[in-house]
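First the structure, then my questions, so here it is.
The shown structure was predicted, so the numbers you read here are calculated from the model rather than taken from an experiment. Because only heavy atoms are used, hydrogens play no part in the values below, and waters and symmetry mates are left out as well, while side chains stay in. Ligands are counted one by one from 1 in listed order, and the atoms in each one are counted from 1 as well.
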Amino acid sequence: MVFFKNKDEGPDRWKEKYLKLLDDQEQTEKQYKVNEELLCKTIVRFALAVKGLNRQLDPHLNRIRNLLKSGLQSQQLQKELSAFSNALIMLEESPEPTLMDASLLFEFLGKQYPQHLDQLDEIRAKYENRLFSNNQGFYLALLELIEDNKPLANIDLALELTGADAKAINIQLVRLLDNAEIPLVFAEDAEKIKNRLHADQALGPIFDDTVALLLAIKKHLESEQQEMAAFLSKLTEQLTELGVKATGVNAANEIRVKKRNLLDQAVSEQIMELREKSENATQLEPLKQIVSSRLTTITQQIQAHNLQERQERDKAQRDMQILSQRLREMESESSDLRSKLDLAQHRATRDPLTNLPNRLAFEDRLADEMARCRRHKSPMTLMVWDVDLFKTINDTYGHKCGDKALIVIAELLFKHCRETDFVARFGGEEFVMILPGADAKSALVIAEKLRKTLENSSFNANGNKVSITLSCGISQFIDGDTNESIFNRADTGLYRAKQTGRNRCVVV
Ligand SMILES: Nc1nc2c(ncn2[C@@H]2O[C@H](COP(=O)(O)OP(=O)(O)OP(=O)(O)O)[C@@H](O)[C@H]2O)c(=O)[nH]1
């Protein structure tokens, strides 16, 4: 067997090769060690970077970081990596939102504000128990606490925190800014701080600037809230005023009330919608626009309603005026008619020459008085008077003097009878008189007295003093009498008076 083919492949050459191989292996092991360290560092950095992402993963990450200190060969590390993988799988299956680990932030704040450790613990417990509705609430609670308090300790962050911890806080600050609702005016400042955080600049000044920015945002939001509150208060006043104006319009009738209810309903709906939108609104300007548009709608609705109501009121007023005018005309017409009726009735029942009731009125009255006598069983007497030889007066002094004589006689008869008595011109030179309550005997006494009065009177006829006499027939009401029967008896008495010499009274 040939072990060495030539002199170059002799034992010296083999040794040289062996030593080279040993060098190579040593180099490889060194490189392997460097790589292992690099890998460990990478994993540690990775563990730090994702710390705070999920509190279920954080214990695993802490343990992995600790185990990596003794290198990659640790069996414990393999187990822990396997447990971490399982936790990751569980996490993917669980929909629970992740909660950022804020322990470093609280640790830092605890050092800055040792006077508020209790409050910080409270906020932390609330945060870890997910009692804040969102991250914004959590940040605001922290800001509340530190807003008016200067830090007691002036920490040099670079010295106090390890690079890894500073990085974790850095990440949390970036997340904080990402999660916070930044108004547009602060967007540029927030972006600058984020860039500084990404660029890993010194944490102390960035933290101060971040807190200052968040405080400024908080102040801005507060002033916006105040402005919104003032605006809503003014809006409420306006709406109240509108409501008063709207309900102040007189709802006089049912239709108007119904229309008013419809308007109230429309306005209420608008206000409800407005309230809902204003409660949910986070920005003032869009809210102002919504409110302004709703107010315009409400105002238009009320104006339209008022216009319609005014038109209806005007129309009702015009109708009322027309009706009133028509009513006045009807009243006037009615009054005219009544006057005419009265006149007609007067004319129908009055004698135009003597102005005494005429025969028609006498007949009505006689029927009434007889009915009364029947009811009250009281006496009543009828007298029929006739001017003696009146034709001679007419013939001697003229018809006009005759008329004058009739007027004088009528006045005398009327003047000398009682208020309850009734005197009428029956026709021509004939007069009648009804005496309720008087029997024939007492009526005769009265008739005689009257006859003598007339006999002793005179009238002027063309400068002549002329005396006249009258004859009278008297009849007392008896049961069963009619107008005609009682008149006929009196007329019979008159006839007898004429027959027996005139200027006398005869009872029949
Ligand atoms: N001036 C005037 N005369 C009248 C009126 N009515 C009737 N006479 C007249 O009265 C007269 C009545 O006359 P007679 O009926 O004859 O009776 P007399 O002359 O009164 O005689 P005795 O009745 O018998 O006493 C007539 O000449 C009628 O023209 C009247 O309204 N005015």
Side-chain angles (χ1 to χ4, degrees), residues 342-367 381-417 421-435 438 440 443-476 483-508:
D342 287 349
L343 189 62
Q345 194 175 6
H346 190 267
R347 281 179 183 163
T349 55
R350 287 274 157 179
D351 168 46
L353 180 69
T354 62
N355 204 31
L356 284 179
N358 61 13
R359 179 173 173 173
L360 192 67
F362 161 71
E363 285 176 351
D364 283 349
R365 183 69 176 257
L366 180 63
T381 303
L382 173 67
M383 296 178 185
V384 180
W385 295 89
D386 188 281
V387 186
D388 294 331
L389 302 171
F390 190 58
K391 189 174 180 306
T392 314
I393 293 169
N394 269 338
D395 292 347
T396 311
Y397 303 105
H399 201 267
K400 274 198 174 174
C401 282
D403 284 352
K404 197 175 174 185
L406 290 172
I407 292 168
V408 170
I409 292 162
E411 284 172 353
L412 285 169
L413 287 174
F414 185 78
K415 187 178 167 188
H416 288 95
C417 72
D421 296 343
F422 179 82
V423 185
R425 185 182 175 197
F426 191 75
E429 80 290 12
E430 231 174 35
F431 296 87
V432 285
M433 193 180 283
I434 301 169
L435 292 89
L444 182 61
V445 176
I446 295 166
E448 277 300 323
K449 201 174 160 187
L450 252 175
R451 184 188 63 76
K452 283 178 186 156
T453 303
L454 289 161
E455 185 182 19
N456 294 327
S457 304
S458 57
F459 73 98
N460 190 328
N462 301 331
N464 302 302
K465 199 177 169 189
V466 178
S467 295
I468 43 174
T469 61
L470 283 91
S471 298
C472 179
I474 300 167
S475 63
Q476 184 180 338
N483 273 14
E484 198 179 359
S485 64
I486 190 173
F487 184 84
N488 286 342
R489 287 203 304 281
D491 198 41
T492 303
L494 175 63
Y495 176 77
R496 286 184 192 160
K498 292 277 184 185
Q499 291 298 313
T500 52
R502 296 187 176 85
N503 192 23
R504 63 190 62 217
C505 303
V506 176
V507 177
V508 172

- Message: Given G428, S471, G427, identify the one with the heavy atom nearest to atom 6 (N) of ligand 1.
- Response: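 The nearest heavy atom belongs to G428.
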- R359 with D351: basic N within carboxylate O range, under 4.0 Å: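 Between D351 and R359 there is no salt bridge, as every charged N stays at least 4.0 Å from the carboxylate O atoms.
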- Among protein heavy atoms, which lies nearest atom 20 (O) of ligand 1, and at what distance?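 Looking only at protein heavy atoms, the one closest to atom 20 (O) of ligand 1 is F390 N, 2.8 Å.
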- Might you work through the side-chain hydrogen bond (donor to acceptor under 3.5 Å, both in side chains) test for D386 and S471, ending with a clear yes or no? CA-CA 5 Å; D386 188 281; S471 298; over 6 Å; no
- Message: Quick test: of every protein heavy atom, which one is nearest to atom 29 (O) of ligand 1, and how far off is it to 0.1 Å?
- Response: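 Atom 29 (O) of ligand 1 sits closest to the protein heavy atom N394 ND2, 4.0 Å.
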- Item | Ionic contact status for E455 with K452, cut-off 4.0 Å |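 A salt bridge is absent here (no side-chain N lies under 4.0 Å from a carboxylate O).
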- Item | Side-chain heavy atoms of W385 within contact of R451, under 4.5 Å |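 Yes, at least one pair of side-chain atoms sits under 4.5 Å.
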- Item | Numbered atoms and elements of ligand 1 in range of L406, under 4.0 angstrom, heavy atoms |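 Atoms satisfying the 4.0 Å criterion: 30 (C), 31 (O), 32 (N).
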- The one among L389, T469, V387 that brings a heavy atom closest to atom 21 (O) of ligand 1: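 Minimum heavy-atom distance to atom 21 (O) of ligand 1 goes to L389.
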- Message: I need the single residue from T381, V506, I474 that forms a side-chain contact (heavy atoms from CB on, under 4.5 Å) with L444. Which is it?
- Response: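 With L444 as partner, side-chain contact (heavy atoms from CB on, under 4.5 Å) holds for just one option, I474.
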- With a 4.0 Å heavy-atom cut-off (strictly under), which part of K400 contacts ligand 1: side chain, backbone, both or neither?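 The answer is neither.
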- Task: List the steps, then state whether side chain to side chain contact (heavy atoms under 4.5 Å, CB included) holds for L454 with I468.
- Result: CA-CA 7 Å; L454 289 161; I468 43 174; 5.9 Å; no
- Give the ring-plane orientation class for F426 versus F487, where under 30° counts as parallel, over 60° as perpendicular and anything between as tilted.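 Judged by the thresholds at 30° and 60°, the geometry between F426 and F487 is parallel.
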- Query: What protein heavy atom sits nearest atom 24 (O) of ligand 1, and how far off is it?
  - Reply: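 For atom 24 (O) of ligand 1, the nearest protein heavy atom is R502 NH2, 2.9 Å.
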- atom 32 (N) of ligand 1: the protein heavy-atom neighbour that sits closest, reported with distance to 0.1 Å: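 Going by distance alone, atom 32 (N) of ligand 1 is nearest to D403 OD1, 2.7 Å.
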- Contact atoms of ligand 1, heavy-atom distance to G402 under 4.0 Å: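 So the atoms of ligand 1 that pass are 1 (N).
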- Judged by non-hydrogen atoms, does R425 sit under 4.0 Å from ligand 1?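 Under 4.0 Å: yes for R425.
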- Look at atom 16 (O) of ligand 1 and say which protein heavy atom is nearest, naming residue and atom and giving the distance to 0.1 Å.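 Heavy-atom neighbour on the protein nearest atom 16 (O) of ligand 1: K391 CD, 4.0 Å.
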- Query: Sub-3.5 Å donor-acceptor pair from the side chain of N358 to the main-chain atoms of L360, do we have one?
  - Reply: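 Pair found, side chain donor or acceptor close to backbone of L360.
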- Message: Test your reading of the structure: does D388 have an N or O sitting under 3.5 Å from an N or O of ligand 1?
- Response: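 For ligand 1, there is no N or O atom that lies under 3.5 Å from one belonging to D388.
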- Between the side chain of R347 and the main-chain N/O of R350, is any donor-acceptor distance below 3.5 Å?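 No.
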- Message: I'd like to know if the side chain of S475 and the backbone of I486 have a donor-acceptor N/O pair within less than 3.5 Å.
- Response: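 Yes: the side chain of S475 pairs with the backbone of I486.
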- Enumerate the atoms of ligand 1 whose separation from the nearest heavy atom of D386 is less than 4.0 angstrom.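 Near D386, the atoms of ligand 1 are 23 (O).
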- Tell me, which protein residue and heavy-atom name are nearest atom 12 (C) of ligand 1, and how many Å apart are they?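 For this ligand atom, the closest protein heavy atom is E429 OE2, 3.6 Å.
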- Query: Where's the contact between I393 and ligand 1, heavy-atom distance under 4.0 Å: side chain, backbone, both or neither?
  - Reply: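 Looking at I393 and ligand 1, no heavy atom falls under 4.0 Å.
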